[in-house]
Amino acid sequence: MSIKNESIKDEAIRLAKQAKTASRELAPISSAEKDRALYLMADQLEAQNDYLIIENKKDLDAAERAGISEAIVDRIALDASRVQAMAKGLREVATLPDPVREIVKMWRRRFPHGPPGNIDVSCGVLSNILAACCSSS
């Protein structure tokens, strides 16, 4: 395994451990607080729309210079409609019932799992919605 791959693996493990810790800290937070956080995140996405698009353009330029495929570059590209879709997705998640601590069976309850480690985060809208779902599931 190359040094580059090893550092990616180490980074993934570090992030997974942080996510597990965060999920335990989020577990006692009320549904209303989680929903409020999701709405605030959506508001900030919209408020920072111009900044996000400008910074994303830098990432797109770097990706193109690095020879990243056009399909991937398109998936990570942000424009006003994609930022709006991300905000809308967060608001939609906030309207869903909170399953945390819901009794699934008499001997089992659901707790936050944190982010899945095998998701493709090259799609900004999907990543945003998955993060919201992981904080609410």
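A quick note: this is a predicted structure, and the numbers were derived from the prediction, not measured.
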side-chain contact (heavy atoms from CB on, under 4.5 Å) assessment of Val83 paired with Gln48 = CA-CA 9 Å; Val83 173; Gln48 299 295 322; over 6 Å; no

Is there any side chain to side chain donor-acceptor pair (under 3.5 Å) pair reaching into residues 60-69, and which pairs are they, with sequence neighbours excluded?
-> Lys57-Asp61

Taking only residues two or more places apart in sequence, or in another chain, which ones meet [X] in a side-chain contact (heavy atoms from CB on, under 4.5 Å)?
{"X": "Gln18", "value": "Arg14, Leu15"}
{"X": "Ile13", "value": "Lys9, Lys17"}
{"X": "Ala42", "value": "Ala87, Leu90, Arg91"}

Gap separating the [atom1] atom of [X] from the [atom2] atom of [Y], nearest 0.5 angstrom:
{"X": "Leu96", "Y": "Ser31", "atom1": "CG", "atom2": "OG", "result": "11.5 Å"}
{"X": "Leu45", "Y": "Leu78", "atom1": "CG", "atom2": "CG", "result": "9.0 Å"}
{"X": "Ile76", "Y": "Ile68", "atom1": "CD1", "atom2": "CD1", "result": "7.5 Å"}
{"X": "Leu52", "Y": "Asp79", "atom1": "CG", "atom2": "CG", "result": "12.0 Å"}

With a 4.5 Å heavy-atom cut-off, do Arg82 and Ile53 have their side chains touching?
-> no

Do Tyr39 and Thr95 come within less than 4.5 Å of each other through their side chains, counting heavy atoms only?
-> yes

Qualifying residues under side-chain hydrogen bond (donor to acceptor under 3.5 Å, both in side chains), relative to Asp74, sequence neighbours excluded = none

Between Ser30 and Glu33: side-chain donor-acceptor atoms closer than 3.5 Å | yes

Determine, using the 4.5 Å side-chain heavy-atom cutoff (strictly less than), whether Ile72 and Leu60 are members of one ILVMFWY cluster.
->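 In one cluster: yes.
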
With sequence neighbours left out, write down each residue that passes salt bridge (charged side-chain N to carboxylate O under 4.0 Å, His left out) with Arg36, or none if nothing qualifies.
-> none

Gln44 side chain to Met41 main-chain N or O, any donor-acceptor pair under 3.5 Å?
-> no

